[in-house]
Protein chains: 2
Amino acid sequence: MRLLLVEDTRGLGEAVRDQLQEEGYAVDWVERISAARHCLRSTPYDLLLLDLMLPDGSGLEFLQQLRKSGQALPVIILTARDQISDRIAGLNAGADDYLVKPFDLDEMLARVAAVARRYSGNPNPYLQLGELEVDLAARRILRQGQAVELSAREWALFEAFVQHLGQVLTRSRLEDALYAFGAEIESNTIEVYISRLRKKLGKSCIETLRGMGYRMSVK
Amino acid sequence: MRLLLVEDTRGLGEAVRDQLQEEGYAVDWVERISAARHCLRSTPYDLLLLDLMLPDGSGLEFLQQLRKSGQALPVIILTARDQISDRIAGLNAGADDYLVKPFDLDEMLARVAAVARRYSGNPNPYLQLGELEVDLAARRILRQGQAVELSAREWALFEAFVQHLGQVLTRSRLEDALYAFGAEIESNTIEVYISRLRKKLGKSCIETLRGMGYRMSVK
DNA sequence: CTGAATCTGACAGCAACCTGAAACTTTCTT
DNA sequence: AAGAAAGTTTCAGGTTGCTGTCAGATTCAG
């Protein structure tokens, strides 16, 4: 269970993170919206804890953007007492719950556990990658609920991407994933398989970075 | 970060251990499965590097046993080139990644770092440079939260600056970063790319030092 | 003010990439 | 064992947008 905490108050952020980690959650803590955007791209999270007043923008707008882009990620917002009206706006914008600062840490844990429980229909080996649901162990992929069948090579390639989510993979790195080490390949096999994966999984699932390689991200 | 290396080839084992230790990992190196079992009982490890052909049994079976007993420990398997089919079996048995011998030590380090990162739950590390957020592994840059796309050459140049923050880079130094060693260039290509970077990343991000070169600072 | 260094918009050429289809290989079925 | 089906690799033609160069504008040092 991995959480992303966006909170610019040092003391509070640290306390919340430590408390959650003690409970066994994996927690990433950032202080800016831009950083949060970053994390969300390269890592699949199960829950977002979002302060509404941040140095580089409004958490509320950020949340709206998230929802607009189709992110179903559970969100708990953190607001100061004098921003209570934001609470309403927050819930409207698609938050799942809220906490008014200063809040009790046990209260916080309870809310997190509640939201987590509500959402954890499937115990975690499932990865949610945009419209894809991936079960790595079972080698199964659902796209918008529909099963997608991959051949051996297609799967090997896909797996390489998933195991290095968000990172740019060079051609030679991908070749290593498809063919055990140093097996020279002359033609454009990689491109052909990229093309097939896109056909099966959706165009936007793999980005091309001309002259550099390819990248799969969470969104 | 403590690793257990199970490898019966002396030379290879030594090289891998030394390399990893230089990178700051704590490494225990054993040559037998029985010894590995022992270590695992008495010490908590963060990662297991496992050869599949060992004098006292099959690493594959060992891995299966581990998984059956509920061990979630990350595992990278090492296979010889002619045991490719084991790679599939290994991944099925619950390995997280594989390396085909003979492998490049840098490649090995990269895989170890990747697996370690994946399990430690950290997202890619990112840099904050003024109004820029940089994720080197993902080759992603956010400028005030907005994604900025760089071409291959632009990125190479940018990377050179980031890797020498605050230092003055001469023209010939930059040429070496863009073109593999000593490729003479006559026209003002460098200036053109500097210009393109400034357009995308902001004027002030790279300073000109007339007659000397260019510099990027932390700001 | 003058010359040299640097900046930047424009552009032709071409390498990188995409993709449908054909040739070939492996696996399955009868 | 032979044929069918599925998977893999290669090839070729079409497209995209990066790259290096130049020329004219601009900045800077003396």
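Keep in mind the model is a prediction, meaning the values are calculated, not measured.
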Report the distance from atom CG of L197(A) to atom C1' of dC18(C), rounded to the nearest whole Å. 14 Å
For R17(A) and W29(A), the nearest pair of non-hydrogen atoms, with its separation, is NH1-CE3, 3.7 Å
Output the residues of residues 155-172 of chain B in contact with DNA chain D, where contact means a heavy atom of the residue under 4.0 Å from an atom of the strand; sort by number or write none. none
Taking all atoms of both residues into account, what is the closest heavy-atom pair of E207(B) and S217(B), and its distance? OE2-OG, 3.2 Å
For R143(B), is the CZ atom crowded, meaning more than 12 foreign heavy atoms sit under 6.0 Å from it? yes
Separation of dA16(C) C1' from I194(A) CD1 (nearest whole Å): 14 Å
From the options L48(B), I76(B), V112(B), select the one residue that forms a side chain to side chain contact (heavy atoms under 4.5 Å, CB included) with L3(B). V112(B)
Pairing donors with acceptors under 3.5 angstrom, does anything connect the side chains of R153(A) and T189(A)? no
Separation between NZ of K68(A) and CD of E61(A), rounded to the nearest 0.5 Å: 9.5 Å
Find the bend of the helix from dC1(C)-dG30(D) to dT30(C)-dA1(D) as the angle between its two terminal axes (five pairs each), to the nearest 10°. 40°
Checking side-chain polar atoms at under 3.5 Å, does Q65(A) have a donor or acceptor matched by the opposite partner on R37(A)? yes
Stretch residues 206-216 of chain A: residues that reach within less than 4.0 Å of DNA chain D through a heavy atom: R210(A)
Using a 4.0 Å heavy-atom cut-off, write out nucleotides 8-13 of chain D from 5' to 3' as B (base contacted by protein), S (sugar-phosphate only) or - (no contact). BBBBB-
Please enumerate all residues that pass side-chain hydrogen bond (donor to acceptor under 3.5 Å, both in side chains) together with R198(B), with sequence neighbours excluded. T208(B)
Heavy-atom nearest pair, H38(A) first then L142(B), reads ND1-CD1, 3.7 Å
Work out which heavy atom in L20(B) is nearest to a heavy atom in V27(B); give both atom names and the distance. CB-CG2, 3.6 Å
Under 4.0 Å from OP1 or OP2 of dC18(C): is there any side-chain N or O of K203(A) that close? no
Side chain D8(A), main chain L54(A), donor-acceptor under 3.5 Å: no
Does dG9(C) have its OP1 or OP2 closer than 4.0 Å to a side-chain nitrogen or oxygen of K199(B)? yes
Reading nucleotides 24-29 of chain C from 5' to 3' and marking B where a protein heavy atom lies under 4.0 Å of the base, S where only the sugar-phosphate is that close, and - otherwise, the string is ------
Salt bridge K200(A)-E149(A), side-chain N to carboxylate O under 4.0 Å: no
Backbone N or O of S34(A) within a donor-acceptor pair of the D56(A) side chain at under 3.5 Å? yes
Considering all heavy atoms, the nearest V168(A)-R215(A) contact: CG2-CD, 4.2 Å
R171(A) bridged to E191(A) by N-O distance under 4.0 Å: yes
